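Owing to the predicted nature of the structure, the values given are computational and were not obtained by experimental measurement.
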Amino acid sequence: MADAPPSPPLLLASTSPQRKAILEQLHIPFDVVAPKYEEETPGDGDALQVVREHARAKARSVADIAEDRPVVGVDTAVVLDGRIFGKPANASDAEQMLEELSGKTHVVVSGLCLLTPGWEEVEHEATQVAFRELTPRELGTYVATREWEGRAGGYAIQGRGASLVRFIEGDYLNVVGLPAALLVRLLAERFSGVYGFG
């Protein structure tokens with residue numbers, strides 16, 4: 001029996017090391033390209049609409065160089081009481097975000113766009129994350145690690161940020177930065193067997 005042809009690598013419209021690591025973990029072949037899209041995260045509004053639009057815009061911004069490969073665009077935001085938390089601008093911004101999340105349950109929402117020349121799918125995933133009550137010392141210690149840099153909500157659950165969390169409900173990898181269960185479902189439906197799913 002001949003070997004199956006190699007799967008065409010997905011084109012990931014992201015420079016996020018977390019998203020790359022998740023695709024590697026799932027053994028999904030991919031190439032990375034920086035999206036030609038500047039996202040603006042509003043402080044409020046419909047978070048699901050925002051992350052879906054950002055994901056779609058990221059994917060579309062590189063579709064012209066994808067040839068026949070499927071393109072994946074992802075955008076993730078942290079939402080608390082209707083407010084959207086983007087990436088902190090600096091250490092004091094990060095500390096303020098974490099102080100607001102302390103002792104409360106927030107939602108991590110991701111939009112995911114999978115597109116080819118023939119079709120486009122845009123979906124979303126939401127995961128609940130409960131923080132424990134954090135002391136001022138804990139906040140200061142965490143912010144000093146600089147792990148918050150470039151992270152929506154100011155923390156990285158796959159790093160020391162795990163110590164801030166009491167429990168999560170939903171897809172853990174979504175909180176890391178890519179809604180893996182959603183991507184696997186879409187690949188299984190649209191490319192049955194090609195990437196090892198479906």
Practice task
Indicate yes or no: at least one non-hydrogen side-chain atom of V109 is less than 4.5 angstrom from one of H124.
Solution key: no

Handout entry: Exercise: identify the closest heavy-atom pair between E125 and P179
Key = CB-CB, 3.6 Å

Handout entry: V108 side chain near T76 side chain, heavy-atom distance below 4.5 Å
Key = yes

Handout entry: Sidechain-backbone polar pair: S61 side chain, K36 backbone, donor-acceptor under 3.5 Å
Key = yes

Fill in the blank from the handout: With sequence neighbours left out, the residues meeting salt bridge (Lys or Arg N to Asp or Glu O under 4.0 Å) with D31 are R69

Handout entry: Listed partners of F191 passing ring pair (Phe, Tyr, Trp, His ring centres under 6.0 Å), at least two apart
Key = W119, Y195

Handout entry: Whether over 12 other heavy atoms sit under 6.0 Å from D64 CG
Key = yes

Practice task
Not counting sequence neighbours, which residues clear side chain to side chain contact (heavy atoms under 4.5 Å, CB included) with R185? List them please.
Solution key: E123, L182, E189

Practice task
Could you check if a side-chain atom of Q49 sits within less than 4.5 angstrom of a side-chain atom of R52, using non-hydrogen atoms only?
Solution key: no

Exercise for the section: State, with a plain yes or no, whether a side-chain heavy atom of V71 is found less than 4.5 Å away from one of C113. Expected result: no

Exercise for the section: Output yes when a side-chain donor or acceptor of T127 lies under 3.5 Å from a complementary backbone atom of D171, and no otherwise. Expected result: yes

Handout entry: Side chain R160, main chain Y142, donor-acceptor under 3.5 Å
Key = no

Practice task
Answer whether the closest heavy-atom distance between the side chains of V51 and I84 falls below 4.5 Å.
Solution key: no

Practice task
Would you kindly confirm whether L183 and V33 end up in one hydrophobic cluster when ILVMFWY residues are joined by side chain heavy atoms under 4.5 Å apart?
Solution key: no

Exercise for the section: Could you tell me which non-hydrogen atom of E100 sits nearest to which non-hydrogen atom of L80, and how far apart they are? Expected result: O-CD2, 3.5 Å

Practice task
Taking all heavy atoms of L26 and all of A180, pick out the closest pair and write down the distance.
Solution key: CD1-CB, 3.9 Å

Exercise for the section: Look only at the side chain of S102 and the backbone of L98, and say whether a donor-acceptor pair between them is shorter than 3.5 Å. Expected result: no

Handout entry: Atom CD of Q96: over 12 foreign heavy atoms under 6.0 Å
Key = no

Fill in the blank from the handout: side chain to side chain contact (heavy atoms under 4.5 Å, CB included) test vs Q128 passes for just one of T105, V175, I168, namely T105

